[in-house]
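Just so we're on the same page: letters track the sequence lines, and every chain starts at 1.
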Number of protein chains: 2
Amino acid sequence: MAQSNPPFMSGVPELLLLRLLDRNEMYGYELVRSIRDATGEAITLGEGVIYPVLHSLERNGALRSKRKAVGGRTRVYYSLTKKGRQRLEKLQNDWRRIQGGIANVLEAPGHA
Amino acid sequence: MAQSNPPFMSGVPELLLLRLLDRNEMYGYELVRSIRDATGEAITLGEGVIYPVLHSLERNGALRSKRKAVGGRTRVYYSLTKKGRQRLEKLQNDWRRIQGGIANVLEAPGHA
DNA sequence: CCAATATACCTTGAACTAAAAGGTATAACA
DNA sequence: TGTTATACCTTTTAGTTCAAGGTATATTGG
């Protein structure tokens with residue numbers, strides 16, 4: 001059986017993506033650059049990460065998409081559903097918790 | 001060849017462990033509880049994570065170990081070398097960078 | 001005008017990490 | 001005396017990310 005929990009720090013790509021889409025609807029290719037820029041190059045997620053996450057979030061009803069033709073090319077714009085906003089909130093809490101846990105260790109009063 | 005960079009957010013187990021050992025020397029089994037406690041249960045790393053990391057850090061010269069017999073059982077205490085302290089500093093900077101990048105996205109001024 | 005680059009979508013395969021479980025052995029507790 | 005806790009460790013499985021490949025249209029530059 002061996003049912004395994006996800007690694008303790010996953011869900012960050014999903015979090016970033018949901019947070020950005022909550023502000024403005026965007027398409028995949030745009031998100032790749034947007035994440036790189038918004039994190040000051042600290043995090044770069046390739047298309048191989050972004051597209052699968054978008055698809056799985058849409059399947060789960062957290063995102064809705066609409067296609068737009070822009071100058072001959074097709075863009076698929078994504079935006080949050082109510083479920084997506086709930087998911088965002090949950091991931092945000094998860095993140096704060098682990099971020100806080102790590103901060104506890106790093107910022108604990110200096111050497112004995 | 002396909003040589004691959006480590007995932008953007010790895011190195012956290014190593015960071016926590018180095019930070020704790022920089023304060024007090026400890027043994028593996030103790031570190032497992034210590035990480036769980038110090039992070040307020042936000043992060044629990046099992047022995048299957050801790051021991052391999054300890055061994056690889058020792059192989060790389062970041063940790064030194066000494067065995068102590070305590071009441072019939074043997075404990076292997078680890079402490080940082082100079083190289084370990086440098087490694088700690090690097091990981092701490094890496095972490096701050098990605099943590100900051102994520103904070104930028106999360107705390108960016110609200111909806112348009 | 002034609003080649004290279006950028007935009008835009010997507011998938012597959014390899015690499016890496018962490019989780020779960022298994023394995024040994026001693027000591028303490030009930 | 002058997003179960004739980006301490007203490008070490010490894011192996012297997014699962015999950016995530018990375019790198020690269022694959023298609024197609026538009027734009028830029030030589």
Rounded to the nearest 0.5 Å, the CG atom of A:L18 sits from the CG atom of A:L63 at a distance of 6.0 Å

At under 4.0 Å, does any side-chain N or O of B:R33 touch on OP1 or OP2 of D:dT6?
yes

When rounded to the nearest 0.5 Å, the distance separating CE of B:M9 from CG of B:D94 is 12.5 Å

*Check whether any side-chain N or O of B:R23 sits under 3.5 Å from a backbone N or O of A:P109 as a donor-acceptor pair, and report yes or no.*
yes

Q. Should A:L21 and A:L88 count as side-chain neighbours, where that means a heavy-atom distance under 4.5 Å?
A. no

Donor-acceptor contact below 3.5 Å, side chain A:R97 vs main chain B:E41
yes

Regarding the side chain of A:P7, the nearest nucleotide among D:dA7, C:dT17, D:dG15 is D:dG15

> Has the side chain of B:R19 got a donor or acceptor atom that lies under 3.5 Å from a matching backbone atom of A:L106?
Replying inline: yes

Per the under-4.0 Å heavy-atom filter, residues of residues 84-106 of chain B near DNA chain C come out as none

With the side chain defined as heavy atoms from C-beta on, A:Y29 is closest, among C:dA8, C:dA18, D:dT16, to C:dA8

Separation of D:dT17 atom C1' from A:L17 atom CG, nearest Å, is 14 Å

Between A:G28 and B:P13, whichever has its closest DNA chain C nucleotide further toward 5' is A:G28

Between CZ of A:R36 and P of D:dC18 the distance, given in whole Å, is 14 Å

- prompt: Got a salt bridge between A:E30 and A:R75, using NZ or NE/NH1/NH2 to carboxylate O under 4.0 Å?
  reply: no

Salt bridge between B:K66 and B:E25, side-chain N to carboxylate O under 4.0 Å?
yes

Among the nucleotides C:dC9, D:dT6, C:dT17, whichever has the atom closest to the side chain of B:P6 is C:dT17

Here the residues of residues 57-73 of chain B within 4.0 Å heavy-atom distance, strictly under, of DNA chain C are B:G71, B:G72, B:R73

Taken to the nearest whole Å, OH/B:Y78 to C1'/D:dA7 is 12 Å

B:N5 CG to D:dT17 C1', in whole Å, measures 11 Å

| said: Could you check whether any side-chain N or O of B:S65 sits under 3.5 Å from a backbone N or O of B:Y77, counting only pairs where one atom can act as donor and the other as acceptor? | reply: no

From CZ of A:F8 across to P of C:dA19 the rounded distance in Å is 6 Å

Here the distance between atom C1' of C:dA6 and atom OH of A:Y27, to the nearest Å, is 11 Å

Any non-hydrogen side-chain atom of A:V105 less than 4.5 Å from a side-chain atom of B:L15?
no

In whole angstroms, the gap separating P of C:dT7 from OH of A:Y77 amounts to 13 Å

A:R75 atom CZ is separated from D:dA26 atom C1', nearest whole Å, by 12 Å

The correct set of residues in residues 43-56 of chain A placing a heavy atom under 4.0 Å from DNA chain D is A:L45, A:G48, A:V49

Between the CG atom in B:L80 and the CD atom in B:Q86, the distance rounded to the nearest 0.5 Å is 11.0 Å

For the CD atom on B:E89, are there more than 12 heavy atoms of other groups (residues, nucleotides or ligands in this structure) within a distance under 6.0 Å?
no

Looking only at D:dA19, C:dA8, D:dT17, the nucleotide nearest the B:S4 side chain is D:dA19

